[in-house]
Each structure stands twice: as structure tokens, then as C-alpha cells.
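Take a look at the structure below.
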Amino acid sequence: MHRQEGLEALGFRIVMWGLAALSFVLLLAPSLVVVVVSFTSGYSLKFPPPGYSFRWYVSLLDAWQLQFAAGNSLEIAAATTALSVLLGVPAALAIARSPTARARALDSLFMSPLVLPALSFGLASLMFFSLIGLPVSPLTLVIGHVVVCVPYVMRTTIASVAQLEFSLLESSASLGASRWYTFRRITLPLIRPGILAGAFIAFMSSFDNVPVSLFLRDARTDMLPIRMWQDLEGKLDVSIAAVSGVMIVVTLSLMILMERVAGLSRRLR
Amino acid sequence: MQNDPAGASLTIDRVAHRYGNAVALEQISLSVAGGELVSLLGPSGCGKTTLLRIIGGFIAQSAGRILIDGQSVDRQPPNKRTVGIVFQNYALFPHMTVAANIAYGLEARGQTRSVIQARVNEMLALVRLGHLADRMPRALSGGQQQRVALARALAVRPSILLLDEPFAALDKNLRLDMQIEVKRIQRLSGTTTILVTHDQEEALSLSDRIAVLNQGRLEQLAEPSTIYDRPASLFVNTFVGSTNILPGVLVSATAESAVVALDGGGHIRTRAPTPVQGQAAIPGDAVVACVRPEHLRIVDDEAGLHGTVEMGLPLGATIVHELRTATGASIKIAEPRGVGALPRPPGARVTLQAVSPDSINVFKPAA
């Protein structure tokens, strides 16, 4: 009896560890392959590479089209993040503190871009902007990105406001603090990690957004993910692997930084 | 301390509150003198926390007035009321050190840095936490957190201090220490204090006066010994301390004493029936006689109440017996225990007498 339980437990552990290892491989292997290939000395995306060099990273220094697209993507992502925080945080504060059905409805409304197909939203917003006579421009692109990125800021901010103990705010008031003083000294510092975490995800999500950018970009706003796809499609260019390598390294560094300042993984649970 | 030793007076004038259709408080009036510590005591849902939140300004009452030093504060939001509060969970600001927590209220009031520094040091000395000034709240024990919360609330020299079940989160030994500590600090600062609690021992030991609340009504406001010895209602008698309830019929009553014929057989001499809401029992009424376990004695006499021992517990300083009477009612007796005294065996037949008729309160039973 005891022995059989031991066997069952062992079987369970083997299956669980196996599944964990499989997911690990599926999640990490593609990134590893792309990073390894980016150091190839050859002219193709063949794996394993015939030899290793930094040539494709060096080539990025002259790739003005990719640089231009990367610059655009960074600018759009920065503007999108700033606007998402400015709009999302006040909305989150109002929604998190209100118990009404109206607040719940607004919550669901603001979250809907996360579930609705982004391609249909991209098309719809293109039609909408031309209907109201707003030409496609960096502005329309930022507006489009904000709609799909603001839910991340709201989600993490609402979660951190919900964790905020109400008695802290009441204590602050009883000590003579005005509402604004309480917000500045108590509320904001305590929800700041949540806002930072949301802003980070919003930034990353804007930076590699394809579906909305596809419809709302123009020649001036050539976006990096789309440029990468076009280059890959047209030229099978190995420098794209190098761009991927750079992006993976930058993202990982940012994630480590956010983990330190905002406890990112705790915010996303 | 530079506080006004008299403290501010607090008047609760016919305050009533309802949540929707549910009545939380019915016309409560009570006056608290400057420097006094008054407990609001009652079971959960009695309205004590609602009343505390009304005094703090977190809830606007449906009717009635709150006056501090004779001035109405009903139109003042919490941050203008100078009412300090210590919550059950202490609500320390987790991102600030102990010193910064204590300084917070002074900073919010725009005091100068030197004034703040001096006051923070004074408060740290008062609660004996000078060595922990730079710690974060999460690095403190429960008792230390509570002292910080108290120091933070007192730093701004509140006119009234509200304590919301402040000892509930502490374990038993620490609780007693902190009760003594809070009483010491309250005496030193001379701050008028309202303590909300459901713990009768806490209320009895700390309060100058106790307001017993039940279902939104003020049942009694009196000194602890009066609450215990001369409860104004059956509820107060049963909620504060333990008591034996003996049903019977009132036979006769004078201004000083009365005689009750117990349903279990026999007559007992008691205090005059206690009037509840202006109505006292008259002879012939069904009543209950309430007698506390420590006011009963097992005697060798034949006259008295008869019962059979169900269980005897030697509790160190006292011996507690549980008896069953002929009608099946259970009665507890607590007697001082002499050296080597053992409880009586189960099944023993014994006779009981009250220590004095004055220790037996008579009420009309609850309708």
C-alpha cells in the first residue's frame, strides 16, 4: 500500500517535471535559436550556423531603414505609454474605488481591447479616422496604440489600488491631511509599482504591435516589427536575426530592472 | 507633556444612524468629560463602530449632533476635526519609517522641520521606541506597531483620541502589557479617549466609564463597578461578566429589597427590581433573578436552593462548581479556594445561598 502510493507520487512527479521541461523548451528554444543564428558568419538563417561572427550586428550600424523604423517604434511606444498612464491611472483610480455596476461596466469596456481581435480594431479605426477626416499620421497611430495598451496600465493599477488598505487613507485624513496630500504621500507611492509594471507592459506591447500599426502607419511611421517582416520576406536578411537578438537582450534587461523597482512578477500574478 | 491636562470634552447629542432601512444607532446621547477614557462596549453589530466612525467624521450621521468642546463638528471633514484614530490593524504607512509615520500628521499640517523633529522625539520617548525610529513598520512586532500608531495619532495633539478594538490583534500576554501601556500614555497625555471594544475585561480595566451598547441603543453609561454590580438591564447583566439567570415570580417588593419565588422551588431575597425604560416589575410579574457565580456559596444549611453537582473545577485561586437544579437549570458557583481544597464529587447534593440579597439583580425577562 505504502509502496504503491510512493510509485504513484513518483509517476506524478515524472509527468509534471516532463511537462515543465517541455514548456520550458518550447518557450525558450526559438529565442535561443534566433540568438545563435544572429551570430552566424554565413549569409543565411541556417541553423546551426557554419561559423560565428559579429558581422550582422556590425551591419546594423549602417542599416538606416531599420534604424529609422526602430526610432519610430520607440517614439510611438514612448508617447503611447505616457498617454496610457495619464489616461489609465485616473480611470483605474475611479473604477477601483467605486462599487457601482456602472464602474464594473466601464471596467469591462476598457478591458475589451484585450479580447477583441486587434486586426478588426485596426481596420475599424482606419475607417473611423477617415470618416471624421483625420488623416493617418503619428497621432492616429498613437491613439490606436493607446486603445490597445491602456488596459495593461489599468489592470495593474486597479490591482494595486484594490490592495491599498482603506484605513491608511482614513488614518491620513484623521491626521489632518487633505485628499490631495493623501494622494501624493500615501496613495501614489503605494500604487507606483503597479503603475510602473503596467507602463512597462504597455510600452513593450506598443513596441511590437503589428495589427494596429498595419492599418494606421504611413511612410513617415515605418514601424520596426513590420519593417522586420518585410525585410525578412523580401531579402531573407540575417541582420533581422541580429535585430531580434538586440530586442531580446534589451527586453530582458528592462524586465530585470522592472523586477527590481516594481516587483513586476508579483504585479502580473 | 504640554497638552492641556483637561483635554477636550465630547458631546454626542441624540445621534442616530441608519444604513438604508437598517437602524444602526437609535438616538444616542452621551457626554465625555475632558481627559476621560470612555469605552463603547457591545457585541458585534451593536453600532459601536458606527458611532466611532461618526465621531471621526468618516460617516455622516442621519440625525443628531457631535460637539467637541461645545462646538459642533458635523460640517467638518475628518482632516479638519482634530480627532485622532488608532485602527485595529494600526494602518501604519508601510513605505515610511517609524519616525516618518509619527511626523506625517505634523507635516500635513505644515509645521516647521525643527518643531516636527522635536515632537517626533518627544513621542518616541513617550511610547519608548526611540531606538526603532528608523525601522520600517513591517520590521516591528504587533505591540511595537501599536505604539507607533498611538504615537502617530497623539503627535498632532488631537482633541479626541479614538481607539478601534486596538488590542484585538495582540496575543493574550502582550494584550495586558499594552493595555497598561495605553492607559499610562493616555493619562500622561491627558487626551480624551473613546475606546471601542467587545471585550468586557478590557473595558472594565481601562475605562473611567463604560457605555454599553446593544442593537443600536445605549443600555447603560456608568463607572465599571456600577456596570458590574448594578447593571441597568438584563442585557448588561449577561453581557458583562457571567451570571446565573434564575426565572421566577415576584412575590413582594419594597424600595430596598424584594422576594422572588423561584420556578425551581424556594424563595430568595433580592435587591428591589431594576426598572427598565422606567418600568419596574410589580408583584405577580414573571421576573428573572440574576446572581453572579462569585456571589453564591455552598452551605450546610437546609434553607436555600438545592442542586446536584455536575462538575467541579479547581481553578487555582477559585473553585468552580456547576450544579443542576430540580428543574434542570444549570447554575455556576465560584468560591475562593482554600489550601488543599478539592471540588465536590459529581452527584453530591448541595444547598446554595447568596452572599447577600444586594448582589441579586431582578429584571423583567426579555420580551
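Here is the naming used below: chain letters follow the sequence lines, and residue numbers restart at 1 for every chain.
Formation of a donor-acceptor pair under 3.5 Å by the Arg65(B) side chain with backbone atoms of Asp13(B) is not found in this model.
Counting heavy-atom pairs closer than 4.5 Å to chain B, the top-ranked of the candidates Leu168(A), Thr182(A), Leu169(A) is Leu168(A). Ranked by heavy-atom pairs shorter than 4.5 Å toward chain A, the options Pro94(B), Gly84(B), Gly56(B) are led by Pro94(B). Looking only at heavy-atom pairs under 4.5 Å with chain A, the residue among Gln88(B), Met96(B), Lys80(B) that has the most is Met96(B).
By the 6.0 Å and 45° rule, Arg152(B) stacks over the aromatic ring of Phe93(B).
Judged by distance alone, the side chains of Ser72(B) and Asp74(B) do bring a donor and an acceptor atom under 3.5 Å apart. Residues Ser189(B) and Thr191(B) bring a donor and an acceptor atom of their side chains to less than 3.5 Å of each other. If you check the side chains of Thr197(B) and Glu202(B), you find a donor sitting under 3.5 Å from an acceptor. Side-chain contact check for Ser213(A) and His145(A): at least one donor-acceptor pair (N or O, by modelled atom type) lies under 3.5 Å. Residues Tyr19(B) and Thr50(B) have side chains that bring a donor and an acceptor to within less than 3.5 angstrom of each other.
With a 4.5 Å cut-off on non-hydrogen atoms, Leu106(B) does not touch chain A at all. Interface residue Phe87(B): only side-chain heavy atoms are found under 4.5 Å from chain A. Heavy atoms of Arg81(B) lying under 4.5 Å from chain A are absent altogether. Heavy-atom distances place both the backbone and the side chain of Glu107(B) under 4.5 Å from chain A. Of the two parts of Ala149(B), neither the backbone nor the side chain holds a non-hydrogen atom closer than 4.5 Å to a non-hydrogen atom of chain A. In this structure, chain A has no heavy atom under 4.5 Å from any part of Asp164(B). For Val83(B), the part lying near chain A is the backbone, with the side chain staying farther off; criterion is any non-hydrogen pair under 4.5 Å. When heavy atoms are compared at a cutoff of 4.5 Å, Glu165(A) approaches chain B solely by way of its side chain, counted from C-beta outward.
Proximity of the aromatic rings of Phe166(A) and Phe58(B) is defined here by a centroid distance below 6.0 angstrom, and this criterion is not met.
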